[in-house]
Amino acid sequence: MELRLLGGAEEVGRSALLVNDSLLLDFGMLTDNPPQFPVETPSPDAVVVSHGHLDHVGTIPALLSGRNRPPIHWTPPTAALARTLARDTLKLHGGTLQCPFTENDVKRIGEVSETHGYRESFTAAGHEVTFYDAGHIPGSTHVLVDDGDTRLLYTGDFHTDDQRLVGRTTARPDADVVVCESTYADVSHDDRQDVEERFVESVERTLWEGGTVVVPAFAIGRTQELMLVCAAHDIPCYVDGMGIEVTKMLKRNPEFVRDADALRAATSHARFVTGRDGQRSRITDQRAAIITTSGMLSGGPAMTYIPQIRANPTNKITMTGYQVEGTPGRDLLETGRADIGGRVMPVSAQVEQYDFSAHADGSGIRDFLDAYAGATVLVNHGDRCTWFAEQLRADGIEASAPAIGATVTV
Ligand SMILES: [Zn+2]
């Protein structure tokens, strides 16, 4: 089996792996300024997508811009999220070099989309492919690819602990080669329940003192997770941004969430913000949590909320995910000021960070790989892939971290 790494090697973003020059796994986008895409746009016979995050699915429509119309295989939530993200990219960058596809390319997704559930094998570009639940976000998969000689497990992003929205990964299908994500290989997560308890206590304290809490959150997965947390602890909350559309889509795909009843209850508990009639300004003096995109304060309705609540030290901003260097969210945590919508502003409101991760940490990844003793491990999707591969080798695992653009025969 021949593997070519077109992106996501020694980096997080623009994941893309070409198998035997014919089957493409993921085709993502690295959100940067300007955005970055896989190093090459191949003409695969078929495409398989592990899950609906921008760094795995963001550049998919560009594969449909020429004559080539490869079938795209994914789970139903991933198919829906791919469209949502593509439309958002068009809105942000459409018609510029920063957007490698057109509205027509996005429309063509409907012609080539083939959805599959977990553990139902199908054929793609002559390979037998099976999806297993990866426990990362709804519809996320480990992708098992068998070319007749070699079995490849492409882990995609995965989590080895339960979240409220999705349960942990449990499947460990036999494989000869594992391409393994390593986002948090050098991190040890705090116990999830402790993180949630600290978050709830902090939000409740602020509301009790009469403040408002803005909760920046990624639209896909994190927004719904925090809605579930708020509902479970009866914290009044509003939800704003792309997370609303994603929540509605997940309610239509109940078999891909851990507890569909809980999500329904959380949706009734939350109030969705329409933004009409100055609603956003009005709710910023209410004793409530406002869950809103973007998760790193680089756009979205958060741009309206932060300026309104920032001057009052009773208010609070709770970051709920990893903040990439150079983003306003990271600046705010480190310096207490941030560029919000083109204006650098000091923030007197309290700023806190909570690790609601959807990825396995170092020991989670090691536990996962324990099931693959004897397999060859290729480390990708991380800032320290080479370092992690060295750690694995020191423990007797045949591991390496191929560079971007490299071709590996396994
Ligand atoms: Zn992901």
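Both counts, for ligands and for their atoms, begin at 1 and track the order of listing.
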Asker: Taking the Zn ion (ligand 1) as the reference point, name the nearest N/O/S atom of His136.
Answerer: NE2
Asker: Assess, by modelled atom type and distance only, whether the side chains of Thr206 and Gln350 contain a donor and an acceptor separated by less than 3.5 Å.
Answerer: no
Asker: Between His56 and Asp26, do the side chains contain an N or O donor and an N or O acceptor separated by less than 3.5 Å?
Answerer: yes
Asker: Tell me, with the steps shown, if Leu17 and Val179 meet side chain to side chain contact (heavy atoms under 4.5 Å, CB included).
Answerer: CA-CA 10 Å; Leu17 180 68; Val179 173; 4.1 Å; yes
Asker: Using modelled atom types only, decide if a donor and an acceptor are shared between the side chain of Asn253 and the backbone of Leu250 within a distance under 3.5 Å.
Answerer: no
Asker: Tell me the angle that NE2 of His51 and ND1 of His53 form around the Zn ion (ligand 1), rounded to 10°.
Answerer: 100°
Asker: Just give me the atom name: the N, O or S atom of Asp157 closest to the Zn ion (ligand 1).
Answerer: OD2
